[in-house]
Each structure stands twice: as C-alpha cells, then as structure tokens.
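Heads up, the thing below is written out as structure tokens.
One-based numbering, in listed order, for ligands and for the atoms of each.
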Amino acid sequence: MQGGGEQREMWGSRIGFILAAAGSAIGLGNIWRFPYVLGESGGFAFLVVYIFFVLFIGIPIMAAELAIGRGSGRNPVGAFRLLKAGTPWWLVGAMGILTGVIILSYYSVVAGWTLNYVIKAVATFDTAFATSETAEGTFNHFLSSSGQQVLFHFLFMILCIVVVSQGIKGGIERWSKILMPTLLVLLVLLIVRAVTLPGAGAGLAFLLQPDFTKLNLNVILTALGQAFYSLSLGMGAIITYGSYLNKKENLFSSATTIAGLDMGIALMAGLAIFPAVFAMGFEASSGPGLTYIVLPRVFAELPAGQILAIIFFVLLSIAALTSAISLLEVMVTFVTDELKWPRSRATIIMAAVAFVLGVPSALGFGVWSEITIFGQSFFDASDFITANVMLPLGGLFIALFVGWGWDIEKVKKEISMGHTTLRFFTVWIWILRIAAPIALLAIFISNIAA
Ligand code: PHE
C-alpha cells in the first residue's frame, strides 16, 4: 500500500519516468555550469574524475534516493517519518525541501535570462552581439535592468506552474516526453555545426587530451560537487520522483540510465561548445559569462549564427524547465501529501514562495547590488550555500540513512523488487556506508573552510 493509504498517482511508463528524472538531472548544470567549470578546471583531467564520481558515488546515491522514495511512496519528510518513525531522520527531508526552495529561487532567475536571450537571439541578434563590447554591454545592461530581471524570473515560474499543475503523468511526464527528445535533437544540430568548423580540433583536444598535471584536490572536489549537483542529488528530487514509481522497476538500472543520460548530455554540451569557442579564437575558461557573452559572440561570427543562437537558447530553456519542475514538484508533493492540498493550489502557492525568495537574487545585479550576505550577493550566496553545503550534507545523510539507519532487510527487500539478482547489493551498501560519506564529508568541509 502506498503512503497515506489513498490512491497516489503513478508514472504512466518506464520511459516517461526515466525522461522526467533525466530531465531533472539535465539542466543549467550540464549546459551552463559544466562547460565553464570544466574550462576553469583544465579540461580532460576534470572530466575523468567527474565520470569516476558519477559512477561510484552518484549512481549509488541516486539508487538510495529512489529506494527511499519508492519504499515509502511519500515526499521527503513523510518518507523518513514513515520509514523510521519517531526519529529525527525526517529533518533530512525537511532540509531537502528547504534546499529545493532556495535552488529554485535563483535557478529561475538564470532560467529567466535564458528566456530573455531567446528573444534577443530572435529580435536583436545583429546589433546585440556584433562585437565583444556590445555582447558584454548587452549582458551587463540586462543584468542591471531590475524590472526585466524580475519579469523574466516571473515568466519562467509561470511555465513551471503550467507543467506541474497538470500532475505527474499528465504534466511532468507528458512534457518531459516532448521536451527531452527535442533537447537532444537541438544539441546534435549544434555539435554537428561545431565540430565541422575549421579549427575545431583545438576544442576537441582540450576535452579529450590526457593532461593530469592540472589535477589537484580542489579540482577533485569540484568534480564531485558538480557530479552531485548535476544528478539532482541530496535534496529529495529523486526521492520525490521515486515516490511515484511502481514496484516493477529495477532501481539500479534506472539510476544508471538516468546518470548515463545526464553525463552523456554534459559531454555533448562540451562537444557543442568548446570546438566552436576555440575555432573562433575565444578563451575556454571564461566563467559564467561563457554562455551569455562568449557564445553569442561565437554564433555571431558564424554563417547562419542567428539560427544557432536561437537553437542554443531554446535548448537551454528546455533544460532549465525540466529541472525546475522537479524542484517545484518536491514542494508540491510535500504539501499535497502532508496538508492534502489540491495540486493546483499547492503548485501556485509553492511557486509564489520560490518566486518571492528569488526576487532579491534577481535584484542583486541591479538596484539591490549593495546588499550582501557574508560578502556575497544574494544570488551567489544562495548558489553557494545550496550547491556547496546543503546538497553534500543532504547526500551524506541519505547515504548514512540507507547504509546504517534504515533496516538492512527492508533495504534489501526494496532493492530486490524489480531485480532478478542482488549481485551489486553488497558493493552498493558499502559505498553508502563508507565511501560516499567520506567523499561527501570532504566536499562539505573543504567548501565551508574555503
Ligand atoms: N540537476 C540540475 C542541473 O544540472 C539542478 C538541480 C539540482 C535540479 C538539484 C534539481 C535538484 O541543472
């Protein structure tokens, strides 16, 4: 029986669930963050470490989150309360929901930039990105236009409401089945263009040439943090999506498929971006501005560049939307489970909360630029505290819960549903018990010490 005792909606199909979860994982983290972090961390060496962490830490924790979600059939707070009643474990779920609200608040601001850039690519492409100065000016001007920042943050939140209010099967699943294949096609188009440019080889070499001299502790921890963020782990999004999953699915293979898709798209984003950046003579390590300043410039130098720019920003908007809806769904599932609110009311109110919380982030580039928290803007502080502190901490407790806190026989039973053998079970449980907690504690400590 599912949590709450009453009929709970379920994913309509395996592929629908996989695409929705991959949609959560594949986001700004893959297409906006991954390429520039990779660029700053020296390319290939970072890539190898990142892949290692996805395989050996990311996939096991994703399977752990799916097990918690499916085993309870509840939102993150309700899940821990059901599985370990009368203990403080539910606080892990509560922290997850809080993390989700904060991430959504600033994520929606960046997603709003992307929507705005779709319009810029369509309407003012020729003038806005004609030279490096105009491209930079366009971005800075947009950042400091507070009205626009709030407007596009708002518009993006409306899109999230439209999808999430339609429910799991009719909303998130249906939209993921349309949007994720579209994203893949658009990305392939960009890659074909990028790798066929004269001079693209330098970008490929940057990605694929073994050079381990750049490797240091910082790069290793950045790679782990990126793997974690990119897979949507540590805050209950995967617990929530797992709570709508039927007992016939194999959790290990689901986690592997989702992580594989996520990694594949991140690599493809690298393949679409670096060859073009190098071919046009730009720097790889340009930080967050890579997407909104360098890339539009790269496109402007190419024949039919306007079409490429439109494709790119539509793609980025899609990636952002399918991730943001998973963040919103965590909160919506929480209130529909716990307070029995109707979905439409839950969606609107929770989106409104995230919207309001995002306003200081949106204004921080303009009228509120004086206001700082610990010397950082509201936007940077929200990103820092969630990605570097709360997610690793959440992941740490999720690993410890499944490894030590939850009853091992029950864990085994949950995993064996949908599995023919328990071949990987022992390795998995020991990763959750020892290896993952050590790795996550390391990023947590190094991030707060930084
Ligand atoms: N995985 C998303 C990305 O890569 C971000 C995200 C984190 C979404 C946590 C949901 C939960 O952009």
(message) Counting C-beta onward and ignoring hydrogens, is there a side-chain heavy-atom pair between M10 and K169 closer than 4.5 Å?
(response) no
(request) Tell me which one of G96, A25, A387 gets a heavy atom nearest to atom 3 (C) of ligand 1. (result) A25
(message) Taking 4.0 Å as the limit for heavy-atom contacts, which would you say applies to M235 with ligand 1: side chain only, backbone only, both, or neither?
(response) side chain
(message) Quick check on contacts: which atoms of ligand 1 are under 4.0 angstrom from a heavy atom of S230?
(response) 1 (N), 4 (O)
(request) Identify, by atom number and element, the atoms of ligand 1 in contact range of L28, meaning under 4.0 Å from any of its heavy atoms. (result) 12 (O)
(request) Kindly indicate whether the side chain of Y106, heavy atoms from C-beta on, has any atom under 4.5 Å from the side chain of D380. (result) no
(request) Mark yes or no: R33 above the aromatic ring of Y229, with NZ or CZ under 6.0 Å from the six-membered ring centre and no more than 45 degrees from the axis. (result) yes
(request) Starting from atom 9 (C) of ligand 1, locate the nearest protein heavy atom and write down its residue, its atom name and how far away it is, to 0.1 Å. (result) S232 CA, 3.5 Å
(request) Using a strict cut-off of 4.0 Å, indicate which atoms of ligand 1 neighbour a heavy atom of L327. (result) 10 (C), 11 (C)
(message) Check for me whether K120 meets the cation-pi criterion with F313, that is, NZ or CZ under 6.0 Å from the six-membered ring centre and within 45 degrees of the ring axis.
(response) no
(request) Considering only non-hydrogen protein atoms, determine which one is nearest to atom 7 (C) of ligand 1 and report residue, atom name and distance to 0.1 Å. (result) Y229 O, 3.6 Å
(message) Below 30° counts as parallel, above 60° as perpendicular, anything between as tilted: where do the rings of F139 and Y117 land?
(response) perpendicular
(request) Ignoring hydrogens, just give me the one of W32, F34, F228, Y107 whose non-hydrogen atom is nearest atom 12 (O) of ligand 1. (result) Y107
(request) Give yes or no for whether the N/O distance cutoff of 3.5 Å, strictly under, is met between I103 and ligand 1. (result) no
(message) What I want to find out is whether R81 reaches E338 closely enough, with some N-O distance under 4.0 Å, to be called a salt bridge.
(response) yes
(request) Go through ligand 1 atom by atom and flag the ones less than 4.0 Å from a non-hydrogen atom of S326. (result) 10 (C)
(request) For atom CZ of F44, decide whether the heavy atoms of other residues, nucleotides or ligands shown that lie under 6.0 angstrom number more than 12. (result) yes
